[in-house]
Participant: 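I'd like to ask you about the structure that follows.
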Amino acid sequence: MHLAYPAVLAALLFCVGLYGVLARRNAILVLMSVELMLNAVNLNLVAFDVWLRDALHAGQALTLFTIAIAAAEIGIGLAIVLMVYRNRGTADVDRLRDTAETGAADEPQPADEKAEATA
């Protein structure tokens with residue numbers, strides 16, 4: 001097996017995932033793009049493990065750890081996205097950032113309240 005085929009496929013998968021992370025606004029699509037990037041890394045690990053004929057199969061072992069970490073990441077990430085959607089009503093990353101920036105500026109500070117009470 002040539003190493004170029006899985007390496008090119010992994011590079012394409014990683015580029016598609018990177019585009020999804022940078023261009024998408026929906027938080028669930030961003031999580032799916034991160035998963036694509038992790039799968040590209042897994043493909044490279046297995047391909048290089050086969051190409052190097054490693055007796056310990058370290059690439060495949062690292063792939064199993066990466067899959068476990070990806071499963072935990074998607075579980076926690078999806079739970080956070082669902083809670084944000086329940087509280088804010090949207091999963092749009094740009095809107096969430098905008099509401100976080102304007103929400104802190106709109107709240108009155110304690111010093112402002114004291115100045116208004118004395119005036």
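Counting from 1, the numbers follow the sequence of the chain as shown.
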Participant: Looking at every heavy atom in both Pro6 and Leu43, which two are closest together, and how far apart are they?
Facilitator: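 Answer, listing the atom of Pro6 first, then Leu43: O-CD2, 3.6 Å.
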
Participant: Return a table of donor-acceptor pairs under 3.5 angstrom between the side chains of residues 15-35 and protein atoms on other chains or two or more places apart.
Facilitator:
unit_1, atom_1, unit_2, atom_2, d
Arg25, NE, Asp94, OD2, 2.9
Asn26, OD1, Ile28, N, 3.3
Ser33, OG, Leu29, O, 2.9

Participant: Can you list the other members of the hydrophobic cluster that holds Leu62, where links are side-chain heavy atoms under 4.5 angstrom apart?
Facilitator: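 Leu62 shares its hydrophobic cluster with Val41, Leu45.
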
Participant: CZ of Arg86 to CG of Leu82: how many Å apart, nearest 0.5 Å?
Facilitator: 6.5 Å

Participant: Identify whether Val84 and Ile76 are in the same connected component of the hydrophobic contact network (ILVMFWY, side-chain heavy atoms under 4.5 Å).
Facilitator: yes

Participant: So, for Ala10 and Ala40, which heavy atoms are closest and what is the spacing to 0.1 Å?
Facilitator: O-CB, 3.2 Å

Participant: Kindly compute the distance separating CG (Asp54) from CD (Gln60), expressed to the nearest 0.5 Å.
Facilitator: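 The distance works out to 9.0 Å.
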
Participant: Does Asn39 have any side chain to side chain contact (heavy atoms under 4.5 Å, CB included) partners at least two apart in sequence or in another chain, and if so, which?
Facilitator: Asn42

